[in-house]
Amino acid sequence: MAAPPPKVRRWSWRSQAFRGLVYQIVALLLVLAAGAYLLHNTLENMRVRGIKSGFDFITQPAGFSIGESIIPFDSADSYGKAFAVGLSNTLRVAVVGIVLATLLGTLIGVGRLSRNFLLRTLCGAYVEFFRNVPLLLQLFIWYFILTETLPPIEEALRPLAGVYFSKNGLQFPIPLWAGAHGFTLAGLALGCLGAWVWSRLRRRHFDATGIARPLFLPGLAILLGMTVLGWLAGGSPAELDIPEKTTLNVVGGGSVTPEYLTVLIGLTIYTASYIAEIVRGGIQAVAYGQHEASAALGLSRGMEMRLVLLPQALRVIIPPVTSQYLNLTKNSSLAVAVGYPDLVSISNTSLNQTGRAIECIAIIMACYLTLSLLTSWFMNAYNRRALIKER
Amino acid sequence: MTSSDAAFVPVASRPPPMQVRGVLPWIRRNLFDGWANTLATLVVLGLLVWALPPVIRWGLVNAVFGADNVACRALAESGACWGVVAEKYRLILFGRYPYAEQWRPLLASLLMVSAIAASCYRPFWRAWLMPLWVVVLATFFMLMFGGRFGLAPVETSSWGGLPLTVLLSTVSLVVAFPLAVLVALGRQSRLPGIRTICVLYVELIRGVPLISVLFMASFMFPLFMPQGTTIDVLLRVLLGMTLFTAAYLAEVVRGGLQALPKGQVEAAQSLGLGYWQTTLMIVLPQALRLVVPAIMNTFIGAFKDTSLVTIVSLYDLTGALQLAMGDANWRKFFFEGQLFVAAIYFVFCYAMSRYSRWIERHLNTGTRRM
Amino acid sequence: MSTDDPIIEFAGVNKWFGEFHVLRDINLRVAKGERIVICGPSGSGKSTLIRCINRLEEHQQGRLVVDGTELSDDLKAIDAIRRSVGMVFQQFNLFPHLTVLQNLTLAPMWVGRVPKKLAEERAMQQLQRVRIAEQAGKYPLQLSGGQQQRVAIARALCLTPKIMLFDEPTSALDPEMINEVLDVMIELAGLGITMLCVTHEMGFARSVADRVIFMDHGQIVEENTPDEFFNHPKNERTRDFLSKILAH
């Protein structure tokens with residue numbers, strides 16, 4: 001079998017290949033020319049206005065403090081560290097938001113398919129309401145509720161023992177880190193391993209004999225059991241840092257600010273409404289014939305759900321849900337409007353202070369682009385694996 | 001047993017033994033079908049009974065509707081103060097536009113909204129729609145800018161409220177749409193140079209939040225202008241929003257292009273139609289019809305996204321609300337103001353999503369399979 | 001060009017899809033007015049062969065001359081050839097957003113620069129020829145499969161082509177509709193248009209074809225008159241194929 005011969009190019013306007021080449025060259029030249037023109041103007045303007053450029057400001061002291069962060073930061077730390085804090089704040093709200101939004105969205109999506117009319121209508125109303133109002137307005141509303149309608153910290157609400165809810169945010173007990181907790185973590189890791197081993201053994205047993213041993217309860221028992229054993233082995237450290245209410249304040253414990261809560265609650269509820277629609281669509285997309293075929297084969301409801309419905313529904317659901325996760329992460333940038341110090345907010349402050357507009361904006365765009373590309377890459381990998389092979 | 005001598009007697013249709021129509025069977029099926037269902041009904045009814053009366057009491061019964069600050073304060077949280085709307089609605093709806101001239105943005109918005117509504121109605125899709133739009137846009141800008149026909153000039157920095165929201169969404173969508181189609185076609189192109197440019201544009205813009213694009217527009221566009229010239233704030237933001245919306249629309253259109261069967265293009269080619277003839281007459285009419293729901297969703301999203309211009313200090317509907325609540329007297333009743341603005345957005349967006357469903361049904365009657 | 005010259009000539013034509021050698025050393029001459037049926041197993045390259053004729057596929061090696069013009073990268077040549085070659089597809093490929101009449105008048109108006117009235121007149125003539133004139137105002141998806149394919153044939157005829165290519169025109173039709181389409185094709189065959197038809201309908205081949213060509217693995221294995229081809233197949237592979245499709 002001979003290999004294809006090399007292409008022969010003809011240099012004439014009537015040749016398809018030549019025309020294509022000309023179009024591309026023209027397009028590239030136009031783009032480059034436009035780019036050069038803009039660059040020239042920019043450099044001119046920067047020179048005239050005395051704007052300096054360059055990323056050297058990253059190592060200089062920031063000169064502003066940040067409202068909240070999980071790594072200690074003060075105004076003497078560099079801009080670079082400030083950006084890192086901003087990124088950590090963004091991730092902090094995005095990851096928790098993604099988890100909560102998925103749970104809430106799935107519940108509501110399934111609720112919309114319920115046979116109960118009231119439940120269907122309620123879930124439908126939820127989706128319609130939160131999808132048709134801009135997110136920014138929703139954030140303002142939540143911010144108002146959390147900062148104006150809640151009592152001041154002297155009269156904080158106490159929904160549970162040790163949990164305080166007020167204008168200044170939410171305070172809750174957190175365990176004090178002791179070295180012994182390392183054992184607990186080790187126990188957790190061993191428990192995961194054990195559960196995985198159990199699932200493999202169970203699978204092998206099923207393939208060999210056709211008897212299905214339960215997966216969920218024993219697996220959970222192993223996980224929890226090993227964690228508890230680890231905790232016991234470490235001397236069962238049980239100290240909690242519990243917030244205590246004094247006359248004017250609540251001291252101790254872990255806390256989250258109302259800004260964080262606003263962004264978290266707003267993002268979760270907004271994104272959950274979109275996820276609900278996607279989940280609903282995914283479940284409905286699995287053809288009814290699949291349900292009939294499963295019933296004809298004698299599969300129980302649970303087996304049908306696990307083996308037939310969910311795998312197919314998930315294939316339809318996961319790509320759009322992943323893009324909703326990305327949207328949630330990008331929407332967290334609205335935090336700048338309510339004063340939560342996320343990446344965009346800190347970049348804005350730095351921009352105002354240093355005047356290095358292009359650099360600061362470039363940093364934000366680079367960070368978000370990286371997150372987007374990572375997510376796209378992951379989703380493409382999943383798609384390739386999960387794609388139902390067609391002819 | 002032979003059936004040959006039994007003559008065939010047709011059986012007339014009879015009603016079913018158990019009632020399927022009517023209110024009672026419906027209630028039984030939808031609310032009390034099985035114990036889980038019944039439990040859910042009871043829980044939801046219980047929630048409603050617990051939550052609804054206080055809300056109605058707060059919102060309607062105890063509420064103050066007039067613009068009476070004293071009465072509102074006397075309420076002390078037991079009722080809603082809708083008076084804040086009565087007092088501040090002009091500021092919320094029109095922003096910082098001069099008080100005496102506010103009939104102009106009102107007229108301009110009504111004009112624009114009517115033009116949009118007319119464009120949605122199928123019998124109006126004729127050749128005179130294009131020139132009509134040009135006239136409407138020209139009139140809109142003339143009313144808002146002023147400076148002629150005896151109208152006092154008003155700068156774009158004073159524009160605000162609903163007209164600004166309508167302007168931003170309409171203009172950015174109208175300009176973004178053709179751009180998006182071109183970029184989507186470019187992404188499908190066999191020419192790698194053009195394809196790369198389009199892919200870079202779409203992925204770069206889609207990967208970043210709208211806020212950063214608006215910041216870029218706000219801070220960087222003035223630097224892009226030749227030395228000595230300035231670019232209007234509104235124009236910068238409009239440009240930023242257009243570029244952003246076009247990237248998302250391009251992906252939607254691309255989905256439609258990919259869903260079109262390849263045979264359509266082959267048939268057109270075999271008939272001798274050229275690239276642009278094929279694209280304009282065969283590919284686009286079908287591809288766009290395929291993705292009407294997604295296009296409408298993008299439109300609704302763009303309308304909601306205009307609220308973000310608040311962050312770059314343009315006072316659209318959301319921003320004007322922030323302005324209105326600067327007044328310390330009425331600050332306590334921010335919530336009622338927010339609900340008012342939320343209701344406005346909701347009405348617009350809900351209308352658009354209903355329209356989307358209608359037009360999807362309508363456009364597909366010609367292509368529905370028998 | 002004298003009347004003895006073939007209207008289509010393949011000389012050493014080879015085509016690759018990537019690494020896959022789909023057409024191998026094709027040598028074929030089609031005389032004016034000749035009716036050829038091409039058959040073979042799926043994947044043998046028969047569709048690719050006829051799609052090369054109107055440049056829906058590009059060949060990489062060899063010479064392909066259609067109606068006196070050589071097919072190459074030259075856009076003008078491709079346009080000229082497409083105006084004299086009509087094609088009918090397996091999936092009909094009618095434009096669903098246009099009425100039947102609009103489907104037919106589109107190309108003459110926009111490519112042939114025929115004024116609208118004249119184009120519509122000619123379109124109605126073609127619709128009458130395929131016996132479907134009463135459906136002129138309907139949309140394609142409102143018609144049955146057989147009716148759609150007849151409209152597709154009429155659409156291709158509107159450009160008064162010298163050559164008609166058929167790519168498995170009846171394969172996507174329900175059995176009861178195959179005959180109405182074959183009848184139209186038989187009528188066309190009597191008009192003197194050069195026809196190349198890829199099909200599995202051997203009855204059609206027997207009654208209409210001047211030549212039957214059998215292709216396998218990208219090569220022309222055997223070509224002969226229908227009589228000789230069906231009754232005295234020379235090649236082992238031809239015999240094998242015939243036994244499979246003529247079984248019932």
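Residue numbering restarts at 1 for every chain, and letters A, B, ... go by the order of the sequence lines.
A distance-only check finds a donor-acceptor pair linking the side chain of A/N41 to the backbone of B/F224 [under 3.5 Å]. A donor-acceptor contact shorter than 3.5 Å links the side chain of B/Q338 to the backbone of A/F140. In this structure, the side chain of B/K304 does not engage the main chain of A/L136 through any donor-acceptor pair within 3.5 Å.
At a 4.5 Å heavy-atom cutoff, A/R47 makes no contact with chain B through either its backbone or its side chain. Heavy-atom distances place the side chain of B/M220, and not its backbone, under 4.5 Å from chain A. Only the side chain of A/V48 has a heavy atom closer than 4.5 Å to any heavy atom of chain B. Proximity to chain A (any heavy atom under 4.5 Å) is shown, for B/L308, by both the backbone and the side chain. There is no contact between B/I344 and chain A, counting heavy-atom distances below 4.5 Å. Interface remark: B/R195 contributes no atoms to any contact with chain A (heavy atom separation under 4.5 Å). Proximity to chain A (any heavy atom under 4.5 Å) is shown, for B/T41, by both the backbone and the side chain. Both the backbone and the side chain of A/L369 come within contact range of chain B, with heavy atoms under 4.5 Å apart. With a threshold of 4.5 angstrom between heavy atoms, B/S218 does not approach chain A through any atom at all. For chain B, the nearby part of A/L122 is the side chain; its heavy atoms alone come within less than 4.5 Å. With a threshold of 4.5 angstrom between heavy atoms, B/Q322 approaches chain A through side-chain atoms but not through N, CA, C or O. Looking at B/V341, the atoms closer than 4.5 Å to chain A (heavy atoms on both sides) sit in the backbone and in the side chain alike.
Taking B/T306, B/I211, B/L204 one by one and counting their heavy-atom pairs under 4.5 Å with chain A, the maximum is reached by B/I211. Interface summary for chain B: among A/N116, A/L137, A/N45, the most heavy-atom pairs under 4.5 angstrom belong to A/N116.
Smallest separation of non-hydrogen atoms from B/I311 and A/A337: CD1-CB, 3.9 Å. Among all heavy-atom pairs drawn from B/P209 and A/K330, the shortest one is CB-O, 3.5 Å. For B/G207 against A/S372, the heavy-atom pair with the smallest separation is O-OG, 3.0 Å. Pairing each heavy atom of B/L191 with each of A/G20, the nearest pair is CD2-CA, 3.5 Å.
Note: B/R206 CZ to A/L326 CG = 8.5 Å, rounded to the nearest 0.5 Å.
The aromatic rings of A/F144 and B/F334 lie perpendicular to each other, with more than 60° between the two planes, well past the 30° mark.
Between A/N132 and B/Y345, the closest side-chain pair of non-hydrogen atoms is not below 4.5 Å. Contact of the A/L28 side chain with the B/I194 side chain is not registered, since no non-hydrogen atoms from C-beta on lie closer than 4.5 Å.
Around the CZ atom of A/F378, the shell of radius 6.0 Å holds no more than 12 heavy atoms that belong to other residues, nucleotides or ligands.
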